Structures are given as structure tokens and as C-alpha cells.
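Structure, as C-alpha cells:
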Amino acid sequence: MKKKILYIVCAVLLVINIIVTATVGMRVSLYYGEGYTITFTQENKIEMSDIKSIAKEIWGKDFVTRKVEFFEDSVKIKVKEVKDEQVQRLCDKINEKYSSELTVNDFRQEHVSNVRILSLVEPYIIPIGISILLVMSYLAIRYRGTKQMLGLLLNVMSLVSILYTLHAICRLPITEYTVPLFITLYGLIIILSSYQWERKEEV
């Protein structure tokens with residue numbers, strides 16, 4: 001009875017989440033959100049810890065950094081807003097740190113839009129769907145029934161509903177860790193569900 005109530009609640013939340021998403025959309029972190037990228041290259045090898053320290057001094061905590069070249073001499077910094085004096089400070093600090101002779105013109109600025117949420121999850125839909133079908137097929141053969149198959153499907157739907165609620169209703173931003181977290185939890189659900197059913201078979 002408790003499980004049925006839980007599944008009903010999850011189904012209702014899923015509907016509410018869809019409505020919220022359609023009306024106000026989802027929050028995303030700066031990693032996927034709209035902002036500006038500043039890209040530059042200098043001859044010496046760049047230490048990301050130095051770049052993060054400099055960026056934090058200029059933009060506070062609201063920035064993202066990553067290397068963009070194999071030889072580790074190019075960096076891209078993403079921020080929500082950028083001003084000319086901030087780029088000048090960045091240029092001065094990089095020159096001071098690495099004894100380089102860069103100018104403001106060496107720091108390429110580019111405006112980027114929000115990443116579509118669908119484009120983030122789209123590559124995982126087919127693989128996850130296939131894995132669910134394979135696991136459900138195994139359960140049908142292993143236990144010769146549909147109870148376990150339905151249980152697994154409901155558990156996965158509950159996970160989707162809970163995570164969806166956190167991001168849609170609770171406005172938790174979607175980050176670069178959201179999809180890996182879902183895949184990890186999805187794997188744990190399969191493992192724990194299988195373990196539970198095996199224990200019941202042994203009793």
C-alpha cells in the first residue's frame with residue numbers, strides 16, 4: 001500500500017514538473033547557461049590552479065575554466081558578464097604570472113547561449129532504454145513473471161520523478177554532474193533491486 005502511494009505521488013510530481021518546465025523552464029549552471037567566454041593562448045604551460053585563482057579575484061565565484069588545447073597552452077574562461085576593465089586585469093595578471101607579453105586583443109570574447117536541456121539527455125535516451133529492456137527481459141526469464149519487471153520500471157520512474165522535482169520545482173540548477181549522477185543512481189537501483197529479489201528467492 002505504501003509503495004502504491006509513493007508511485008502515485010511520483011506520477012503526480014512528474015505531471016507538475018512537466019507543467020513547470022513548460023511554463024518557466026529549468027535552471028542551469030553557468031557551465032550550460034548563457035554567458036561570455038574569454039579564450040587566450042600563451043607560450044608557457046598554463047596551470048589551471050593559477051587561472052582559477054586569477055579568475056576568482058576578478059569575477060568572484062561565478063566562473064568556469066577549462067583547457068581547450070592539447071599542448072595545455074590555451075584556456076577558456078566562462079562568465080555571466082564581462083567588462084573591458086576585467087579583461088585588462090586578466091591580461092595584466094597573466095602577463096605578470098607567466099612573464100608573457102599578451103595584449104587585450106589576444107583575449108577573444110564570445111557570447112554563448114543556453115544549452116538546450118534536450119541536447120544534454122538525448123544521447124543517453126536510447127542506451128538507457130535498451131539497457132532497461134535487456135534487464136527487464138532478464139527478469140522475465142529469471143523470475144518467470146512480470147512483477148519484477150514492473151517493479152524495476154516503477155523504481156526507475158520514481159528516480160526520474162525525484163530528480164526531476166529537484167531541478168524543476170526546487171529549482172536546483174542542472175550542472176555537468178547531473179547526468180552522471182542519474183546514471184550512477186540508475187545502476188544502483190538495478191543492483192539493489194536485483195539483490196532484493198534474489199534474497200526473496202532464497203527465503
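For clarity, every value in this text was computed on a predicted model and none was experimentally measured. Basis for what follows: all heavy atoms, side chains included, without hydrogens, waters or symmetry-related copies.
In this structure, the separation between CD1 on Ile38 and CZ on Phe63 is 11.5 Å, given to the nearest 0.5 Å. Rounded to the nearest 0.5 angstrom, Leu166 CG and Thr178 OG1 are separated by 10.0 Å. Atom CZ of Arg89 sits about 5.0 Å away from atom CD1 of Ile58, to the nearest 0.5 Å. Distance check, rounded to the nearest 0.5 Å: OG1 of Thr65 to CG of Asp50 gives 11.0 Å. The OG atom of Ser99 lies 9.5 Å from the CD atom of Gln42; values are rounded to the nearest 0.5 Å. To the nearest 0.5 Å, atom CG of residue Leu13 and atom OG of residue Ser161 are 4.5 Å apart.
With salt bridges taken as basic N to acidic carboxylate O contacts below 4.0 Å, one links Lys93 and Glu57.
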task = Evaluate side chain to side chain contact (heavy atoms under 4.5 Å, CB included) for Tyr36 paired with Ile77, printing each intermediate quantity in order.
result = CA-CA 8 Å; Tyr36 293 85; Ile77 302 174; over 6 Å; no
task = Apply side chain to side chain contact (heavy atoms under 4.5 Å, CB included) to the pair Leu152 and Tyr138, showing each step before the final yes or no.
result = CA-CA 12 Å; Leu152 174 65; Tyr138 166 76; over 6 Å; no
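Considering Ile189, Leu192, Val160 in turn, Ile189 is the only one that fulfils the side chain to side chain contact (heavy atoms under 4.5 Å, CB included) rule with Asn155.
Identified under the ring-ring contact (aromatic ring centres under 6.0 Å, His included) test for residues 146-182, with sequence neighbours left out: none.
Of the N and O atoms on the side chains of Thr175 and Ser29, not one donor lies less than 3.5 Å from an acceptor on the other residue. Between the side chains of Gln88 and Asp92, at least one donor N or O lies within less than 3.5 Å of an accepting N or O.
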Determine all donor-acceptor pairs shorter than 3.5 Å in which one atom belongs to a side chain in residues 111-128; sequence neighbours excluded.
unit_1, atom_1, unit_2, atom_2, d
His111, NE2, Glu34, OE2, 2.8
Asn114, OD1, Glu34, N, 2.5
Ser119, OG, Arg116, O, 2.5

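The two residues Ala168 and Val20 have their closest heavy-atom pair at O-CG1, 3.6 Å. For the residue pair Ile94 and Ser100, the shortest heavy atom distance occurs at O-OG, 3.7 Å. When all heavy atoms of Gln86 and Trp59 are compared, the closest pair comes out as OE1-NE1, 3.1 Å. Across every non-hydrogen atom of Lys78 and Tyr31, the tightest pair is NZ-O, 3.4 Å. Closest non-hydrogen pair, Ile174 versus Met26, comes out as CD1-CE, 3.7 Å.
Ile19 and Met157 end up in different hydrophobic clusters when Ile, Leu, Val, Met, Phe, Trp and Tyr side chains are linked at under 4.5 Å. With hydrophobic clusters built from ILVMFWY side chains whose heavy atoms lie under 4.5 angstrom apart, Val24 shares a cluster with Ile169.
Two residues are said to be in side-chain contact when any heavy atoms from C-beta on lie closer than 4.5 Å; Asp106 and Thr41 fail this criterion. For the pair Ile54 and Leu90, the minimum side-chain heavy-atom distance is below 4.5 Å. Within the 4.5 Å cutoff, no side-chain heavy atoms of Arg27 are placed close to those of Leu172. Contact check for Tyr186 versus Leu181: no side-chain heavy atoms found under the 4.5 Å cut-off. The side-chain heavy atoms of Gln109 and Thr37, taken from C-beta on, include no pair separated by under 4.5 Å. Counting heavy atoms from C-beta on, the side chains of Phe107 and Val82 never come closer than 4.5 Å.
A donor-acceptor contact shorter than 3.5 Å links the side chain of Asn95 to the backbone of Cys91. Checked by atom type and distance alone, the side chain of Ser137 pairs as donor or acceptor with a backbone atom of Leu133 at under 3.5 Å.
The local environment of CZ in Arg108 is sparse, with at most 12 non-hydrogen atoms from other residues, nucleotides or ligands closer than 6.0 Å. The environment of Glu85 atom CD is dense: over 12 non-hydrogen atoms of other residues, nucleotides or ligands sit within 6.0 angstrom.
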